[in-house]
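Let me begin by presenting the structure, written as structure tokens, before commenting on it.
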There are 2 protein chains.
Amino acid sequence: MDALRLDDQVCFAVHAASRALDAVYRRELAALGLTYPQYLVMLVLWERGQVSVKDLGVALRLDSGTLSPLLKRLEAAGVVRRERDPGDERSVLVRLTPEGALLRARAEPLPRRIMEASGMGPDELADLHRTLGRLTRSLTESATRA
Amino acid sequence: MDALRLDDQVCFAVHAASRALDAVYRRELAALGLTYPQYLVMLVLWERGQVSVKDLGVALRLDSGTLSPLLKRLEAAGVVRRERDPGDERSVLVRLTPEGALLRARAEPLPRRIMEASGMGPDELADLHRTLGRLTRSLTESATRA
DNA sequence: ATCAATTGAGTTGTGCACAATCGAGTTGCA
DNA sequence: TGCAACTCGATTGTGCACAACTCAATTGAT
């Protein structure tokens, strides 16, 4: 086996799977007016109600260069509000608007639909989840070490 | 378990792994002057020597909107050449330049380095590769059906 | 032989991702 | 107390990804 064959590269398999997932989410989220990364932000907000941009970045592993414009679009769409933290004026708190909170109900059926589209059972998905978690951790560590 | 919890979403695990891989490749490829998607194109060219834009799109599952500017940058970097297919003037053939062919040797050690950074054994990686392949196929099918 | 439908690249517009940088606000230490 | 170091968010610039569209070349059906 040739180490440089495209089809043998796990990296391409991950990349392709990620884009295929994105395409399925694009279709499912269109009705909610959200993109996939915007949906990820909403997941965090539906869990916590309010988060600083900093903590959002930690949760999603995104920096402010990505989050700032994304949050601006979510604010323009009327689903979140942004305001400086009175206790620390450097920090910006992001909260759900009532409209944003209402979106949650419409997002509820999504995970099941994606699971069905994946063609995999719960156990297999859980296994994949764990494996990818380990992979991401290893890669991240190796990146910070080097 | 809450279906909408970020940490329970396999989609986020895939997304995060993909970006972590991209980060590692970014570091490794910097010396070659390539980005990760450009490296994927080069993989195909190192295999086949010459490919039409159309076939590249099939191999990488990318459309011309992504490939056209990317190939333009590779051409500007001097590693590929583009010319109309004399047999079918609609088609554009992409070929390696000698400089592009030389890059292959410098890319050779990459897969091993990434494998080490992944912290996973060959069997486990092969397994992940297969699982992701099935996932991508299922998602793609479900997308075209709907 | 003609022309309508199809194919293949390219362009435009939108949005994500990251590096590098800036500036305001905060903290800590001399 | 005063100032240097640090933190946080925003901005700029580059590149990837996809949808929608344009246009030229080709194909096929009549």
Side-chain angles (χ1 to χ4, degrees), chain A residues 11-12 14-27 29-30 33-42 51-58 60-77 82-94 140 143-144, chain B residues 11-12 14-27 29-30 33-42 51-58 60-77 80 82-94 140 143:
Chain A
C11 65
F12 179 61
V14 175
H15 192 69
S18 180
R19 287 193 291 122
L21 264 171
D22 198 83
V24 174
Y25 270 102
R26 190 190 318 281
R27 180 159 53 85
L29 287 169
L34 294 175
T35 65
Y36 176 61
Q38 288 168 8
Y39 166 73
L40 293 179
V41 168
M42 295 305 282
V51 199
S52 69
V53 173
K54 161 88 169 144
D55 290 344
L56 211 43
V58 171
L60 302 177
R61 306 192 180 280
L62 292 170
D63 66 9
S64 69
T66 300
L67 286 174
S68 285
L70 190 158
L71 292 171
K72 224 182 265 184
R73 285 186 286 270
L74 284 179
E75 187 167 42
R82 290 184 303 161
E83 52 194 33
R84 291 273 158 195
D85 182 343
D88 183 344
E89 291 282 338
R90 289 172 305 180
S91 183
V92 167
L93 298 177
V94 184
T140 306
T144 48
Chain B
C11 65
F12 179 61
V14 176
H15 192 69
S18 179
R19 287 192 292 122
L21 264 170
D22 199 84
V24 173
Y25 270 101
R26 190 191 318 282
R27 179 158 56 85
L29 288 169
L34 294 175
T35 65
Y36 175 62
Q38 287 167 9
Y39 166 73
L40 293 179
V41 167
M42 296 305 284
V51 199
S52 69
V53 174
K54 161 86 169 146
D55 289 346
L56 254 184
V58 171
L60 301 176
R61 305 188 182 280
L62 291 171
D63 66 8
S64 68
T66 301
L67 287 174
S68 285
L70 189 158
L71 292 170
K72 222 182 266 183
R73 285 186 286 270
L74 283 179
E75 188 167 42
V80 308
R82 289 184 303 161
E83 52 194 33
R84 292 273 158 194
D85 183 343
D88 183 343
E89 291 281 340
R90 289 172 304 179
S91 184
V92 167
L93 297 177
V94 184
T140 306

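Each chain gets a letter, A, B and so on, in the order its sequence line appears, and its residues count up from 1. When reading the values below, keep in mind they use all heavy atoms of this one structure, side chains included, and skip hydrogens, waters and symmetry mates.
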Review item, nucleotides 22-28 of chain D N/O atoms under 3.5 Å of protein N/O:
residue : atom : partner : partner atom : Å
D:dT26  : OP1  : B:Glu89 : N            : 3.0

Expected list for residues 62-72 of chain B near DNA chain D, using heavy atoms below 4.0 Å, is B:Leu62, B:Asp63, B:Gly65, B:Thr66, B:Leu70

By nearest-nucleotide position on DNA chain C, the 5'-leaning member of B:Leu93 and A:Arg61 is B:Leu93

A:Tyr25 OH to D:dA19 C1', in whole Å, measures 21 Å

Rounded to whole Å, the CG-P distance (B:Leu29 to D:dG15) equals 15 Å

Contact check, side chains of B:Leu74 and B:Arg82, non-hydrogen atoms, under 4.5 Å | no

Check: So, do A:Leu71 and A:Leu56 sit near enough that their side-chain heavy atoms are less than 4.5 Å apart?
Finding: yes

Separation of D:dG15 atom C1' from B:Leu74 atom CG, nearest Å, is 12 Å

Taken to the nearest whole Å, CG/A:Asp55 to P/D:dT7 is 15 Å

Taken in chain and number order and not counting sequence neighbours, the residues that satisfy side-chain contact (heavy atoms from CB on, under 4.5 Å) with B:Thr35 are B:Pro37, B:Gln38

note: A:Leu56, atom CG; C:dA17, atom P; distance rounded to Å ~ 12 Å

* May I ask you to test the B:Met42-B:Val80 pair for a side-chain heavy-atom distance under 4.5 Å? => yes

Please tabulate, one pair per line, each protein N/O and nucleotide N/O from nucleotides 1-4 of chain C that are separated by under 3.5 Å, including the distance.
none

Residue set satisfying side chain to side chain donor-acceptor pair (under 3.5 Å) with B:Glu89, at least two apart, ordered chain then number -> none

Rounded to whole Å, the CZ-P distance (A:Arg84 to C:dA24) equals 11 Å

Of D:dG9, C:dG15, C:dA9, the nucleotide closest to the side chain of A:Lys54 is D:dG9

Short side-chain N/O contact from A:Arg19 to OP1 or OP2 of D:dC18, under 4.0 Å = yes

Applying side chain to side chain donor-acceptor pair (under 3.5 Å) to A:Asp88 and not counting sequence neighbours gives A:Arg90

Side-chain N,O (A:Ser91) to OP1/OP2 (D:dG9) below 4.0 Å
yes

Residues at least two apart in sequence or cross-chain that pass ring-ring contact (aromatic ring centres under 6.0 Å, His included) with B:Phe12, listed by chain then number, are none

Taken in chain and number order and not counting sequence neighbours, the residues that satisfy side chain to side chain donor-acceptor pair (under 3.5 Å) with A:Arg84 are none

Contacts of A:Arg61 meeting side chain to side chain donor-acceptor pair (under 3.5 Å) (sequence neighbours excluded), chain-then-number -> none

For A:Tyr36 and A:Tyr25, take the angle between the two ring planes, folded into 0 to 90°, and tell me which bin it lands in: parallel under 30, tilted 30 to 60, perpendicular over 60. tilted

Hits for side-chain contact (heavy atoms from CB on, under 4.5 Å) against B:Asp63, two or more places apart or cross-chain, chain-then-number order -> B:Thr66

